[in-house]
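Just so it is clear: chains get the letters A, B, ... in the order the sequence lines come, proteins before strands, and each one is counted from 1. What's counted below: heavy atoms across the whole structure, side chains too, no hydrogens, waters or symmetry copies.
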There are 2 protein chains.
Amino acid sequence: MSSTPLQAIADNSDKLVTTLERPRERIVKSAIELFRQHGIKGVGVDAIAEAAGSNKMTLYRHFGCKDDLVCECLKQVSSEKERIWTDLENTYPGDPAKQLRGWVDEAAQRIFNDLRGCDLVNAAVEIKEAGHPAQKVIMDAKKAHVQHLVELCRMAGVQQYEQLAQALVLLVEGARVCGQSIGIEGPQQRLKQTCDALIDAFSKH
Amino acid sequence: MSSTPLQAIADNSDKLVTTLERPRERIVKSAIELFRQHGIKGVGVDAIAEAAGSNKMTLYRHFGCKDDLVCECLKQVSSEKERIWTDLENTYPGDPAKQLRGWVDEAAQRIFNDLRGCDLVNAAVEIKEAGHPAQKVIMDAKKAHVQHLVELCRMAGVQQYEQLAQALVLLVEGARVCGQSIGIEGPQQRLKQTCDALIDAFSKH
DNA sequence: TTGGGACGTTACTGACCGGTAACACACATT
DNA sequence: AATGTGTGTTACCGGTCAGTAACGTCCCAA
C-alpha cells in the first residue's frame with residue numbers, strides 16, 4: 001500500500017466504514033450492520049474487523065470477547081432508539097397526542113421500509129444461553145421503551161393509558177416480526193390504520 | 001452394552017426420545033426440541049443424533065444435509081399448528097364465534113406457559129440466507145395460518161373480518177415476541193383482554 | 001528526540017462443525 | 001441358509017470459529 005492507513009480505508013470501497021472515526025467506533029458500526037444482515041451467530045469476529053477496516057487484535061483489545069461486543073452493539077442500538085422520544089417532542093412540542101400519532105407513523109414507516117425486524121428482538125431470539133449479559137441489555141431497553149410509550153399515552157390524556165400503550169406495543173412488535181416471517185404481503189400492511197383506530201377508540205372515553 | 005439397541009435407548013434416561021419410533025421420527029423430534037432450546041445454529045447434527053439415540057450417519061441417510069432436516073422440522077411444526085383449526089371445530093362445532101374466542105384463549109395460554117416464542121418466527125429470524133428452502137416453508141405456513149383466521153372471522157359474521165384477523169395476528173405475534181425479549185412482565189400479559197375487546201368492537205358493526 | 005500508547009500483521013491454537021468413507025451388525029424376507 | 005435393507009461405529013476431512021502471542025509500525029506528546 002502506498003497510501004496511509006486512513007487513506008487506505010477511505011479508498012477501499014468494499015469496507016463498510018469509510019469515515020475517519022476511530023477503530024472502536026468503526027468496529028461497533030460494522031458489527032451492528034453485519035449482525036443485522038447475517039445474525040449474531042452468523043458473523044465471525046474476523047469479518048467484523050475486516051468490514052471495519054481494522055483487524056481482530058484491535059477488536060479484542062477494545063472488547064474482551066465477542067459477547068462484550070454484542071452487548072455494546074445492543075446498547076448503542078437501544079440508545080439510538082431512545083432518540084425517538086426527544087425527536088417526537090421536538091417535532092410536536094407540547095402535543096403528546098400528536099407525538100403518539102407520530103410514534104405510530106414512525107413505526108409503520110420503518111416496517112414498510114425494512115423487513116429485517118428489530119435488532120433487539122432478533123438478538124433475543126438468537127441468544128438463548130441463560131444469564132447471557134445481552135439479555136439484560138435487551139430486557140432493560142424494551143422495558144424502557146414500553147414505559148416511555150405508557151407515559152406518552154398518559155400525557156395524551158388517555159384514561160386507560162397503560163392498556164393502550166401495551167396494545168400498541170404488541171401491534172408494532174407483531175408487525176415487525178410478521179414482516180420478517182411472512183414477507184411484504186403480511187398482515188402488518190394495515191398497521192397504521194389499526195393503531196390509529198385503536199387510539200381513537202381509547203381516546204373517546 | 002448388554003441390552004439390545006432399542007432397550008438401550010429406552011433405558012438411557014438422558015436421551016430425549018425413549019419411544020419405540022424409528023430413527024427418522026426420533027431424529028426429527030429431538031431436532032425440534034433442541035432447536036427450541038438452543039436455536040438452529042446453536043445445535044450441531046451430532047448433538048441431534050445423540051439426543052435421538054441414533055448417530056450422525058443415520059441422520060445423513062435420512063436427510064441429505066442439515067438444512068433439509070431443518071425444513072422437515074419446520075414442516076412438522078407447522079402441520080402440528082394446523083391441528084388447532086380442526087380442534088377448535090371439534091370443541092365448538094358450528095360456532096365460529098366461539099372458535100374465534102377459543103383461538104384467542106389458546107394463544108394467550110401458550111404465551112403464558114412458554115416464553116420461547118414461535119418456532120417458525122424464531123427460524124425466520126435465524127435464517128437470513130436468501131433463498132434458503134426453510135424460508136418458503138415458514139412463509140407458506142404463516143400465510144396459511146393468517147388465511148385460516150381470516151376465514152374464521154368471516155364465518156363468525158364479522159363484517160370487516162380481514163381487518164380483525166390481521167389485527168389479531170399482530171397482537172398475538174407481538175405478544176409471543178414480547179415474552180421472549182422482555183420476559184414474563186411484558187405487555188403481553190393483557191393479550192386476552194385486548195383481543196376480546198377488539199373482537200367485541202368488530203362484532204358490533 | 002525519544003518514549004509510549006494505539007494500532008496493524010502474521011501466525012498459531014484448540015475446539016467445533018457439517019459431511020463422508022468403510023466396515024460391522026441385526027433382522028426380516030425369501 | 002442366503003440376501004438385502006436399515007442401522008450403528010469409528011475414523012476421518014476440510015473448514016470455520018473465538019481467542020492469543022509476538023512482533024512491527026505509526027504518531028503524538030513530552
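In this structure, A:His62 does not reach the C:dA6 phosphate: none of its side-chain N or O atoms is under 4.0 Å from OP1 or OP2. An OP1 or OP2 oxygen of D:dG8 is reached within less than 4.0 angstrom by a side-chain nitrogen or oxygen of B:Arg26. OP1 and OP2 of D:dT7 both lie 4.0 Å or more from every side-chain N or O belonging to B:Arg24. Contact between the side-chain N/O atoms of A:Ser54 and the OP1/OP2 oxygens of C:dC7 is not found at any separation under 4.0 Å.
For the atom pair CD1 (B:Ile127) and OG (A:Ser181), the distance works out to 12.0 Å, reported to the nearest 0.5 Å. Once rounded to the nearest 0.5 Å, the distance linking CG of B:Asn55 with OH of B:Tyr60 reads 12.0 Å. Taken to the nearest 0.5 Å, the NZ atom of A:Lys142 stands 12.5 Å off from the CE atom of A:Met139. The CG atom of B:Leu100 sits 6.0 Å away from the CG atom of B:Leu164 when rounded to the nearest 0.5 Å.
Considering only side-chain atoms of B:Asn55, the nucleotide from D:dG8, D:dA18, C:dG18 that sits closest is D:dG8. Of the candidates C:dC7, D:dG19, C:dG18, the closest approach to any side-chain atom of A:Lys66 belongs to D:dG19. Comparing atom distances between the A:Met57 side chain and each of D:dG8, C:dG19, D:dA21 picks out D:dA21 as nearest. Distances were taken from every side-chain heavy atom of B:Thr58 (C-beta onward) to each of C:dA22, C:dA6, D:dT7; the shortest belongs to D:dT7. If you check C:dA22, C:dG8, C:dT20 against the side chain of A:Arg61, the one that comes closest is C:dG8. Side-chain proximity of A:Tyr60 to C:dC23, D:dT20, C:dA21: nearest is D:dT20.
In summary, the aromatic rings of A:Trp85 and A:His145 are positioned with their centroids under 6.0 Å apart.
A salt bridge does not link A:Lys41 with B:Glu126: none of the charged nitrogens is closer than 4.0 Å to a carboxylate oxygen. Salt-bridge check for A:Arg83 with A:Glu89: failed, with every basic side-chain N at 4.0 Å or more from each acidic carboxylate O.
With rounding to whole Å, A:Lys56 atom NZ is found 19 Å from D:dC23 atom P. The nearest whole Å value for the distance from the CG atom in A:Asp46 to the P atom in D:dT20 is 14 Å. One can place CG of B:Asp67 at 10 Å from P of C:dG18, the figure rounded to the nearest angstrom. Rounding to whole angstrom units, NE2 of residue A:His38 and C1' of D:dC17 are separated by 16 Å. In this structure, the CD atom of B:Glu50 is 14 Å from the P atom of C:dG18, given to the nearest Å. The separation between B:Glu25 atom CD and D:dG6 atom P is 13 Å, rounded to whole Å. Regarding B:His132, its NE2 atom lies at a distance of 13 Å from the C1' atom of C:dG18, rounded to whole Å. Atoms CZ (B:Arg22) and C1' (D:dG6) sit 7 Å apart, rounded to a whole Å.
One axis for each end of the helix from C:dT1-D:dA30 to C:dT30-D:dA1, each built from five base pairs, and the angle between them comes to 0° at 10° resolution.
Side-chain contact between A:Leu168 and A:Ile199 is present, with heavy atoms from C-beta onward closer than 4.5 Å.
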